[in-house]
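Only one structure is covered here, and it is reproduced in the block below.
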Amino acid sequence: MRAAVLHGVGEIQLEERPRPEPGHREVLVRVDSVGTCGSDVHYYEHGRIGDFVVESPLVLGHEPSGTVVAGGAGATRHRRGQRVSLEPGVPDFTCPQCLAGRYNLCPRMRFFGTPPIDGAFSEYVVVREEFAYAVPDSLSDDAAALIEPLSVGVWACAKARVGPGTRVLVTGAGPVGLLCMQAALAFGAVEVMITDVNPVRLRLARELGASATLDVRDGRLSEAGFDPDVLLECSGHPAAIGEAVRAVARAGRVVLVGMGGEEIPLPLAHVQTRELEVTGTFRYANTWPRAIALAASGRVQLDALVTGHYGLAEVEQALKAGGRDPEVVKAVVRPQE
Ligand SMILES: [Zn+2]
């Protein structure tokens, strides 16, 4: 099979590799669509994210959908030909975090496209059968792939306890911000404001249901007259985070979704006097069934985020697309092409 392999900073080569064999209770999946993510771009451009360092050739890509083509010993969950969305991280199922149900915090998580585990920019992958989720035929291959970033939004909304009538501010209208916004609406939020500096993305946000948008080059959040119950921070910009936290209403919840570097200034007196809850999120746990249901019902639009398709030989172009063109939202790789 062919795979797109990262060999060093800014260097991806298309290679022939042996097709993987599904092991015990694993399925072999032909990969049909893979979303590209900011973390893929970061590994491609810098060779590391924090403590995760690319030290040997690595296949990126962790937002895959595909079709089950074979099962290993004991795999009974899927028939051949079943279309699936893949949850791209498999924990050890035995550590204290896993046993507490927080498998996203498993220290021995094996996550696609995170060193040293190969990802899905390849024609085939194997995965534990429980982490391949059947999708209805109403969901496109791209939508089935984007269940992964939608899961980030579902997890953030669950952490923030978004419910009927919650007022939500989303900072950053990239793919994750747009999916946090849509997830918040699906969870029952009625007022959802989203901010960015990219008018193309803000227009898309309005089309997808944002009740208000703010281009922070044109106006200040503090003058927008909006004091949300929940902040879903998806920009990762230290300056934006402090200003957004100051807008949050008393007893509000702040969920840090975007990667903002090692340290950021936090308006601590504001957090204390308003009794704000501030938490991070790391990936997700138990989100696939809910995310698939939201997408299949039409409550969340996933195909609307896709702005370009790339074959397996064009992974580098896919990873560079966002930096070159402000109209790019989500570039999708089609490994069979
Ligand atoms: Zn574990």
Side-chain angles (χ1 to χ4, degrees), residues 143 146 149-237 239-258 270 274 276-279 281 287 290-291 293-307 326-327 329-330:
L146 299 192
L150 174 56
S151 281
V152 174
V154 167
W155 187 243
C157 287
K159 274 275 198 192
R161 305 194 299 281
V162 175
T166 306
R167 296 166 307 144
V168 177
L169 171 63
V170 180
T171 41
V176 167
L178 291 167
L179 292 169
C180 279
M181 179 202 85
Q182 293 194 70
L185 290 164
F187 273 53
V190 285
E191 287 180 73
V192 182
M193 175 187 277
I194 187 164
T195 67
D196 205 285
V197 295
N198 179 331
V200 177
R201 291 182 169 193
L202 292 175
R203 188 176 67 224
L204 179 58
R206 286 190 293 275
E207 290 168 7
L208 294 172
S211 44
T213 58
L214 177 67
D215 188 326
V216 292
R217 297 170 306 178
D218 301 336
R220 289 182 64 88
L221 201 48
S222 56
E223 292 157 8
F226 187 52
D227 59 336
D229 307 301
V230 163
L231 165 62
L232 303 177
E233 204 304 304
C234 301
S235 77
H237 281 288
I241 295 170
E243 183 166 2
V245 168
R246 283 193 180 84
V248 177
R250 288 158 203 272
R253 282 89 68 193
V254 174
V255 178
L256 301 172
V257 184
H270 199 86
R274 294 196 170 198
L276 304 186
E277 295 173 41
V278 180
T279 182
T281 49
T287 49
R290 274 184 288 171
L294 290 177
S297 70
R299 299 282 190 92
V300 171
Q301 308 288 323
L302 296 174
D303 291 298
L305 271 55
V306 177
T307 47
E327 303 214 357
V329 179
K330 190 63 135 177

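Qualifying salt bridge (Lys or Arg N to Asp or Glu O under 4.0 Å) partners for Asp215, counting only residues two or more places apart in sequence or in other chains: Arg217.
You'll find the side chain of Arg201 reaches within 4.5 Å of the side chain of Pro175, heavy atoms only. A 4.5 Å side-chain heavy-atom check between Arg274 and Val248 finds every atom pair outside the cut-off. Within the 4.5 Å cutoff, side-chain heavy atoms of Val230 are placed close to those of Leu232. The shortest distance between side-chain heavy atoms of Val170 and Val257 does not fall below 4.5 Å. Side-chain contact between Leu305 and Leu208 is present, with at least one heavy-atom pair separated by less than 4.5 Å. Using a 4.5 Å heavy-atom cutoff, the side chains of Leu179 and Leu302 are in contact.
Using modelled atom types, no side-chain atom of Glu327 and backbone atom of Val200 make a donor-acceptor pair closer than 3.5 Å. For the pair Asn198 (side chain) and Pro326 (backbone), a donor-acceptor distance under 3.5 Å is present. Remark: the backbone N or O of Val329 is paired with a side-chain donor or acceptor of Thr307 at under 3.5 angstrom.
Between the CG atom of Asp196 and the CZ atom of Arg203 there is a distance of 13.0 Å, given to the nearest 0.5 Å. Rounded to the nearest 0.5 Å, atoms CE (Met193) and OG1 (Thr213) are 8.0 Å apart.
Remark: of the listed residues Leu221, Val245, Val192, Leu221 is the sole one forming a side chain to side chain contact (heavy atoms under 4.5 Å, CB included) with Leu169.
Contact record, Gly172 with Ile194: O-CD1, 3.8 Å, taken as the closest heavy-atom pair. Considering every non-hydrogen atom in both Cys180 and Gly153, the closest pair reads SG-CA, 3.6 Å. Closest non-hydrogen pair, Phe187 versus Val162, comes out as CD2-O, 3.6 Å. Contact detail for Ala205 and Met181: the closest heavy-atom pair is O-CE, 3.6 Å. Nearest heavy atom pair, residue Leu150 against residue Ala183, reads CD1-CB, 4.4 Å. The shortest heavy-atom contact between Ser151 and Thr287 is OG-OG1, 2.9 Å.
Sequence neighbours left out, the pairs with a member in residues 156-175 that pass side chain to side chain donor-acceptor pair (under 3.5 Å) are Arg161-Glu277, Arg167-Asp227, Arg167-Asp229, Thr171-Glu233.
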